Amino acid sequence: MPTSPSEPAGRTGRADPAAPSDPAAAPAPARADLAIVGAGPAGLAAAVTAAGLGLRVVLLDAGDRPGGQFYRHPAPGLGAARPEALHHDWAEFATREAALRAHESAGRITYLPLHHVWTVVPGGTAGTRHGHGVPATEWILHAVAGHAPEERAAAVTARAVLIATGAHERQLPFPGWTLPGVVGAGGAQAMLKSGLVLPGKRVVVAGSGPLLLAVAGSLAAAGATVPAVVEAASYTAYAGRVPALLRNPGKLVEAAGYGGALARHHVRLLTRHAVTEAHGTERVEAVTVARLDRNWRPLPGTARRIPCDALAVGHGLVPQLELATGLGCAIRRSPDGTVALELDAEQRTSVPGIWSAGETGGIGGARLAMIEGELAAHSVAGALPAARLTRSRGRLRAFADAMAAAHRPGEGWTGWLRDDAVVCRCEEVPAGRIREAAGDLGARDARTVKLLTRAGMGWCQGRMCGPAVAALAGEEGGPDRRPLSCPVPLRHLAELPPAGH
């Protein structure tokens, strides 16, 4: 896909001195007090807080640098001089990354990048360590370390586990969404943050949720022409959540900043509209935008075309729960229709010894994720958290719930799906086959549809098409309970000790 360079981070030609030469080479410790899966905002904050409270911490992450999907780093070879120019609240991250390096040097944290944890299993008992309030059961975390073909198996044993695996984008398909040049809204932002490139020169940003405003502002500041932000919801939906808004004046200021950025770059905001089709031959050349009714059904006679060479589209985020649901952790339905973990006031899941923080407990943003990470660390250590953390968590969670409810997809969005429109990209399953399975063959849930059509059986394992398949099958949908959260070489499975050993 053709791209064009962006300018705000700059280029120096210098390699990044903080980038590890072989990030997967460090051996895992024999045992830790706390193992954290995910080095995004929640996991990073939890790690440095727990280490400061005296716990031995192992931080495992699939990426090669801390920060997760939110705080992405430009590739070292690009020599970005000001990566902070592409991020919000960069100082919050930089402070914690510096603390991570200090704790790592002192031996209090073992940081294991390029370690993709694929399962967590009970590992027997080992008496409770006094004062840490950790259940006696130990946990073994199995991971794939490094890159193929040199990847290797790794395992970590810990008394407690914190799951901070973040989220992935929610995509609602439409005719033409498989064309080159159509990317996720978060994917467009990732291209800019980590590659310093744009998905195109004239980019329509569409979908639903506050991420769209941030993406459009970033793309426009980097030199792209953004003819429109196409938001399927209406901001009048926030009217019933005024108390939550007023408790978060910083969020209102942030929203005003995004609005000002769109105005400066002459970006038009179309609310209660959606991209219902993308057009093109070799790549996207234009999109059809239509006005929606309150249930997200396209209104006849309102369609118009907008020329573009790229489309960044997304309808919010979906918590990534494979590890947690594989352990049997209880789940709940979030106001945006996605499934999140059921957590108590100290970030505990329903499984003793397993905590969670960040987007796994409901989409809420980086600031909330950091606060929840700190709260979880205090809970694992048996320490009393500062009252401000609890107050901040409640305030930010209320705001997150208000956003989730305002941008929840309406049931009528399937009306823009023709029968020939591809829903499952991996297996190339069109909407018509899924409707046939649900209407003529008796399928009443996404799992049965999968068995009849192969929708969701491809490389992404339903992460991209799952919400759409569930909607077409007439159910709300939720995460499958899976024994593996990512692809694992068979030799790694063969090397595992027999059960009970």
Side-chain angles (χ1 to χ4, degrees), residues 1-9 69-70 72 74-75 78 80 85-87 168-232 258 261-271 273-290 303-317 413 416-417 421-423 425 460 464-465 468:
M1 155 175 20
T3 54
S4 56
S6 63
E7 297 300 330
Q69 300 297 325
F70 190 85
R72 283 177 171 267
L78 296 176
L86 299 172
H87 295 83
H168 56 82
E169 282 195 273
R170 172 164 55 183
Q171 295 293 338
L172 303 182
F174 50 87
W177 77 307
T178 58
L179 280 170
V182 179
V183 300
Q189 197 171 50
M191 292 172 65
L192 183 57
K193 288 180 177 180
S194 60
L196 306 184
V197 294
L198 297 168
K201 295 180 179 179
R202 184 178 173 87
V203 188
V204 171
V205 178
S208 188
L211 177 63
L212 302 185
L213 302 180
V215 171
S218 297
L219 295 177
T225 297
V226 181
V229 172
V230 185
E231 165 64 65
Y258 290 140
L262 298 188
R264 286 194 304 274
H265 293 286
H266 308 289
V267 178
R268 186 176 183 185
L269 177 61
L270 299 174
T271 59
H273 282 73
V275 169
T276 58
E277 186 169 3
H279 310 276
T281 51
E282 297 298 320
R283 63 173 291 125
V284 62
E285 298 169 1
V287 295
T288 291
V289 174
R304 69 177 106 166
R305 281 201 184 200
I306 300 178
C308 62
D309 63 358
L311 168 64
V313 60
H315 291 82
L317 302 173
W413 72 265
W416 65 57
L417 269 180
V422 171
V423 173
R425 301 171 67 128
C460 83
M464 292 297 102
C465 67

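What you see is a predicted model; the values in this text were computed from it and never measured.
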For this session: Give me the one residue out of L198, T225, V267 that meets side-chain contact (heavy atoms from CB on, under 4.5 Å) with L219.
Result: L198
Exercise. Quick one: does E169's side chain have a donor or acceptor within less than 3.5 Å of a partner on G314's backbone?
Worked result: no
For this session: Looking only at non-hydrogen atoms, find the nearest pair between T288 and A303 and report the distance.
Result: CG2-CB, 3.8 Å
Problem set entry | Intermediate values then yes/no, side chain to side chain contact (heavy atoms under 4.5 Å, CB included), F174 and L311 | CA-CA 12 Å; F174 50 87; L311 168 64; 3.6 Å; yes
Problem set entry | Under 3.5 Å: donor-acceptor pair, side chain of Q171, backbone of G184 | no
Seminar exercise, completed: CG of L172 to SG of C465, rounded to nearest 0.5 Å, is 12.0 Å
Exercise. Has the side chain of D309 got a donor or acceptor atom that lies under 3.5 Å from a matching backbone atom of K201?
Worked result: yes
For this session: Look at the side chain of W416 and the backbone N and O of P173, then say whether any donor-acceptor pair between them is shorter than 3.5 Å.
Result: yes
Exercise. In Å, rounded to the nearest 0.5 Å, how long is the span from OH of Y258 to CG of L212?
Worked result: 11.5 Å
Exercise. Ignoring hydrogens and geometry, is there a side-chain-to-backbone donor-acceptor pair from R425 to W177 under 3.5 Å?
Worked result: yes
Exercise. How many angstroms lie between CZ in R264 and NE2 in H266, if you round to the nearest 0.5 Å?
Worked result: 10.5 Å
Problem set entry | Gap separating the CD1 atom of I306 from the CZ atom of R268, nearest 0.5 angstrom | 8.0 Å
Problem set entry | Nearest heavy atoms of L192 and S218, plus distance in Å | CD2-O, 3.6 Å
Exercise. Nearest heavy-atom pair of G217 and L262: which atoms, and what distance?
Worked result: N-CD2, 4.1 Å
Seminar exercise, completed: Heavy-atom closest pair (A224 atom, G200 atom, distance to 0.1 Å) is CB-O, 4.2 Å
Seminar exercise, completed: CD (Q69) and NE2 (H168) are apart, to the nearest 0.5 Å, by 11.0 Å
For this session: Taking the side chain as every heavy atom from C-beta outward, state whether V275 and V313 have any pair of such atoms under 4.5 Å apart.
Result: no
For this session: Over all heavy atoms of both residues, which pair between V284 and A278 is shortest? Give the atoms and the distance, please.
Result: CG2-CB, 4.1 Å
Problem set entry | SG-CD distance between C308 and E285, expressed to the nearest 0.5 angstrom | 9.5 Å
For this session: Measure across R283 and G181 and return the closest heavy-atom pair with its distance rounded to 0.1 Å.
Result: NH2-CA, 3.5 Å
Exercise. Counting only N and O atoms by type, is there a donor-acceptor contact under 3.5 Å from the side chain of R202 to the main-chain atoms of P227?
Worked result: no
